[in-house]
Peer 1: 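Before anything else, here's the structure in question.
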Amino acid sequence: MSIPRNPTEAHRNFFQDVHEVVRLVPEGRVTTYGAIAHYLGARHGARMVGWAMMAAHTANEYVPAHRVINRNGLLTGKQHFATPTAMQAALEAEGVPVQDDQVQDFKTRFWDPSTELG
DNA sequence: CTTCTGACTGAAA
DNA sequence: GTTTCAGCCAGAA
């Protein structure tokens, strides 16, 4: 999958919506693609959230993309970072232990925007 | 137009 | 616990 060559206004709005939610994830906590999709009203699938994350590095404001993982707590997006270890390093730097691409104690570190933000 | 792919997920076996 | 399968929507060839 790739970022649209000529993003439409709708695209940019969608990217910004996703990025805004990701920025609300506190340090030391993580969320999932599906949780973000659900918070945005389930009008977009989880895959579309992942798609929007590809544009995270081109966003004007910082997006903590390392806090977004899949429902199993796996760092499925690590290959999209500058280096294969950047995602894990960023998580561990804020106190989230990772082993074998898996966030430890994922269940208690999970931050659901739908319940946390209302 | 068809087909394949993907930072995904929930259900079913 | 596992593997498999079908939806999901956008983009590229």
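From a predicted model like this one, the values you see are computed outputs, not experimental measurements. In the text below, chain A, chain B and the rest are named by the order of the sequence lines, each starting its count at 1.
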Peer 1: Do the side chains of A/E20 and A/R23 get close enough for a salt bridge, i.e. N-O under 4.0 angstrom?
Peer 2: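 Looking at A/R23 together with A/E20, the answer is no, because their closest N to O distance does not fall below 4.0 Å.
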Peer 1: Once you apply a heavy-atom cut-off of 4.0 Å, does A/G77 come out as touching a base, just sugar-phosphate, or nothing?
Peer 2: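 Since a base atom lies under 4.0 Å of A/G77, the category is base.
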Peer 1: Sub-3.5 Å donor-acceptor pair from the side chain of A/N70 to the main-chain atoms of A/N72, do we have one?
Peer 2: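 Such a contact is found between A/N70 side chain and A/N72 backbone.
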Peer 1: Please tell me which of the listed nucleotides, C/dG11, C/dG7, B/dG10, lies nearest to the side chain of A/R47?
Peer 2: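 Selected nucleotide: C/dG7.
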Peer 1: Say you pick atom C1' in B/dA7 and the same atom in C/dA13; how far apart are they, in whole Å?
Peer 2: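 Per the computed distance, 22 Å lies between those C1' atoms.
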Peer 1: Checking all strands, does A/A65 fall into the base, sugar-phosphate, or nothing category for heavy-atom contacts under 4.0 angstrom?
Peer 2: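 Contact class for A/A65: base.
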Peer 1: Let me know, please, whether A/M48 or A/T32 comes out on the 5' side of the other along DNA chain B by nearest nucleotide.
Peer 2: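 By nearest-heavy-atom nucleotide position, the 5'-most residue is A/M48.
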Peer 1: Side chain of A/A46, heavy atoms from C-beta onward: which of B/dA7, C/dA10, B/dC8 has the nearest atom to it?
Peer 2: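 For the A/A46 side chain, the nearest candidate turns out to be B/dC8.
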Peer 1: Which one is paired to C/dA12, where only Watson-Crick or G-U wobble pairs with both distances under 3.5 angstrom count?
Peer 2: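 The answer is B/dT3, by the H-bond criterion.
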Peer 1: Assess, by modelled atom type and distance only, whether the side chains of A/Q88 and A/H66 contain a donor and an acceptor separated by less than 3.5 Å.
Peer 2: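 The answer is no; no qualifying pair exists.
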Peer 1: Look at the side chain of A/H11 and decide which nucleotide, out of B/dT9, B/dA7, C/dG11, has an atom nearest to it.
Peer 2: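 Closest nucleotide to the A/H11 side chain: C/dG11.
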Peer 1: In this structure, how many angstroms lie between the P atom of C/dT2 and the CZ atom of A/R71, rounded?
Peer 2: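 The distance from CZ of A/R71 to P of C/dT2 comes to 11 Å, rounded to the nearest Å.
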Peer 1: Is it the case that more than 12 heavy atoms not belonging to A/H38 sit under 6.0 Å from its NE2 atom?
Peer 2: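 Not more than 12 within 6.0 Å, no.
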Peer 1: In whole Å, I'd like the distance from the NZ atom of A/K78 to the C1' atom of B/dG6.
Peer 2: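 Interatomic distance, NZ of A/K78 to C1' of B/dG6: 18 Å.
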Peer 1: As a test of understanding, state which of A/L74, A/V96, A/V103, A/T31 forms a side-chain contact (heavy atoms from CB on, under 4.5 Å) with A/I69.
Peer 2: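 Of the listed residues A/L74, A/V96, A/V103, A/T31, the side-chain contact (heavy atoms from CB on, under 4.5 Å) partner of A/I69 is A/V103.
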Peer 1: From C/dG11, B/dA7, B/dG10, pick the nucleotide closest to the side chain of A/T76?
Peer 2: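 For the A/T76 side chain, the nearest candidate turns out to be B/dA7.
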Peer 1: Ignoring backbone atoms, establish whether A/S2 has a side-chain N or O less than 4.0 Å from OP1 or OP2 of B/dG6.
Peer 2: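 Checking B/dG6 against A/S2, no side-chain N or O comes under 4.0 Å of OP1 or OP2.
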Peer 1: Examine the base of C/dG11 for any acceptor or donor lying under 3.5 Å from a partner atom in the side chain of A/R5, and report the outcome as yes or no.
Peer 2: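 For A/R5, whose side chain was compared with the base of C/dG11, there is no donor-acceptor pair (under 3.5 Å).
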Peer 1: Applying a 4.0 Å non-hydrogen cut-off, can you work out what A/F81 is touching in the nucleic acid: base, sugar-phosphate, or nothing?
Peer 2: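 Answer is base: heavy atoms of A/F81 come under 4.0 Å of a base.
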